Amino acid sequence: MGINNFFKELKNHSHKRTLGGLDFFRYIGPGLLVTVGFIDPGNWASNFAAGSQFGYSLLWVVTLSTIMLIILQHNVAHLGIATGLCLSEAATKYAPRWVARPILASAVVASISTSLAEILGGAIALEMLFDIPIAWGAVLTTATVLVMLFTNSYKRIERAIITFVSIIGLSFIYELFLVDIDWQSAARGWVTPSFPDGSMIVIMSVLGAVIMPHNLFLHSEVVQSLEYHKQGDTSIRSRLKYELFDTLFSMIVGWAINSAMILLAAATFFESGILVDELQQAKELMTPLLGNNAGNIFAAALLLAGISSTVTSGMAAGSISAGIFGESYHVKDSHSQLGIVASLGIALLLIFFIDNPFHGLLISQMVLSLQLPFTVFLQVWLTSSPKVMGQYANSKLNKAVLYGIATTVTVLNIYLLLAQ
């Protein structure tokens, strides 16, 4: 199954009785585990900055990013299902060493940048809840995540993360019914690209916060760990079929939550001329729903988002590190542990040197956007190779679409650099 069959398969499956409600939800999981990665504190900062500074005009970035993300996650999941290799393992095995090593090293840097945003978000939440200084909050958040990673199984972590995503997402989406949204302007913003003056850093932050390089590595790792490639062609094709719905459902959930954040910030802050430059201000978004308890509930949701997304960034870092040594991720493996500890440890160290936490969150997401083209070009090359994918290699149309996405992200990054 390829990208050129994406909408055809969606149409065909919608008419089949075999894809009933129970079948559908039986295959939901890996996609939602990845979704939490782009509903993290970095996203919160990027979305609140976008909505408060530019109103509804940058909603198109979430739409474009989500469309590209669906295609990319769908594609990288195929790599894991068809080959039994995660993206990092496949790069180490098949790509020239002089290509694979620098790209994987840059992916590790991206995972550190991701972990920095997640840990920082948790620390900000602890400061809001208990007046704990940012530095100590970062230490507590990191320690909590390390305990979770080194003591829990995939499934236990997966269930906890899906619960976190549900709580966070529902709170923001429900808020849309309690504030005055200009839906006509929002509709235009979702589909009409615009580049307001001074918006490029925010645009790239939103893009990097949605299409996160570490999530591409993580998704391939999660699906390959199920070892469908060992069960024959029938099993592979069955999983490829249902993986489409897991990815589509999960990424649309992410699109809705990220859009809700921008909508709320636009209606609450932009219309009042208030510029959000710290996450603590955003607790006002919860006031219509929760009244005087808004601050505490907002901080609790931010803490859950920070912890759950740090778990996924740690797993992704472990996967990248293990793959460099030609191994699959396993929390008991020393190479996986090296990636986890390096990503979280270096991120924690960097936090001690950040003066402006909110600005740090925005910059961390921009770093992800700058690394993204390298990961995407590597991914497309691997999934287009018959040597790697066999009969499941990308068709010419698939390659055109995927390389088009990589080129789009590259052009936006160049535009950002020239605009500085």
Side-chain angles (χ1 to χ4, degrees), residues 28-44 69 72-73 76-77 80 86-88 107-108 110-122 141-142 144-169 208-225 246-247 250-251 253-254 257-258 301-323 328-331 336-337 339-345 347-348 361 364-365 368 371-372 375:
I28 295 297
L32 279 179
L33 186 65
V34 171
T35 298
V36 75
F38 68 103
I39 308 173
D40 67 341
N43 284 77
W44 291 38
L69 181 67
L72 290 173
Q73 297 288 170
V76 81
C86 72
L87 183 54
S88 182
V108 171
S111 76
I112 293 170
S113 185
T114 302
S115 296
L116 184 150
E118 328 300 29
I119 295 169
L120 194 53
T141 301
T142 303
T144 299
V145 170
L146 286 173
V147 169
M148 290 180 68
L149 281 169
F150 289 128
T151 60
N152 281 294
S153 67
Y154 262 121
K155 289 299 179 183
R156 289 172 63 188
I157 291 176
E158 190 173 278
R159 285 194 296 269
I161 289 174
I162 289 173
T163 300
F164 289 172
V165 171
S166 300
I167 294 171
I168 296 164
V210 174
I211 312 177
M212 307 175 82
H214 82 283
N215 269 345
L216 297 173
F217 288 93
L218 179 62
H219 202 169
S220 63
E221 176 64 51
V222 173
V223 296
Q224 71 85 22
S225 68
D246 180 33
T247 297
S250 302
M251 300 308 118
V253 168
I257 295 172
N258 280 291
L302 177 61
L303 181 61
L304 294 180
I307 290 175
S308 58
S309 52
T310 308
V311 168
T312 60
S313 71
M315 291 171 64
S319 172
I320 296 169
S321 177
S328 297
Y329 170 85
H330 194 286
V331 74
S336 297
Q337 292 174 347
I340 294 170
V341 173
S343 178
L344 273 58
L348 175 61
L361 289 172
S364 72
Q365 303 309 289
L368 303 185
Q371 195 283 333
L372 183 61
T375 293

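Computed from a prediction, not measured in an experiment: that's the story for all the values here.
- Pairing each heavy atom of G314 with each of L149, the nearest pair is CA-CD1, 4.2 Å.
- Separating the CD1 atom in I340 from the CD1 atom in I320 is a distance of 11.5 Å, to the nearest 0.5 Å.
- Residues L146 and T142 have side chains in contact (heavy-atom distance under 4.5 Å, counting atoms from C-beta outward).
- Minimum interatomic distance between G306 and S309 (heavy atoms only, all atoms of both residues): O-OG, 3.3 Å.
- For the side-chain contact (heavy atoms from CB on, under 4.5 Å) test, residues two or more places apart in sequence or in another chain that qualify with S336 are A322, Y329, D333.
- T141 OG1 to L303 CG: the interatomic distance, rounded to the nearest 0.5 Å, is 6.0 Å.
- Considering every non-hydrogen atom in both H214 and T312, the closest pair reads CD2-O, 4.1 Å.
- Listed by chain and residue number, S111, I112, S115, A317 satisfy the side-chain contact (heavy atoms from CB on, under 4.5 Å) test with S343 (two or more places apart in sequence, or in another chain).
- Once rounded to the nearest 0.5 Å, the distance linking OG1 of T310 with CG of L344 reads 6.5 Å.
- To the nearest 0.5 Å, the span separating CG on L368 from OG1 on T114 amounts to 4.0 Å.
- Residues passing the side-chain hydrogen bond (donor to acceptor under 3.5 Å, both in side chains) test with T375 are Q371, sequence neighbours excluded.
- When side chains are defined from C-beta on, V145 does not count as touching E118, because their heavy atoms never get closer than 4.5 Å.
- A distance of 6.0 Å separates CD in Q365 from CG in N43, rounded to the nearest 0.5 Å.
- Looking only at side-chain heavy atoms (C-beta outward), N215 and L72 stay at 4.5 Å or farther from each other.
- With sequence neighbours excluded, the residues forming a side-chain hydrogen bond (donor to acceptor under 3.5 Å, both in side chains) with S319 are E221, listed by chain and number.
- The two residues S220 and F217 come nearest to each other via the heavy atoms OG-O, 2.9 Å.
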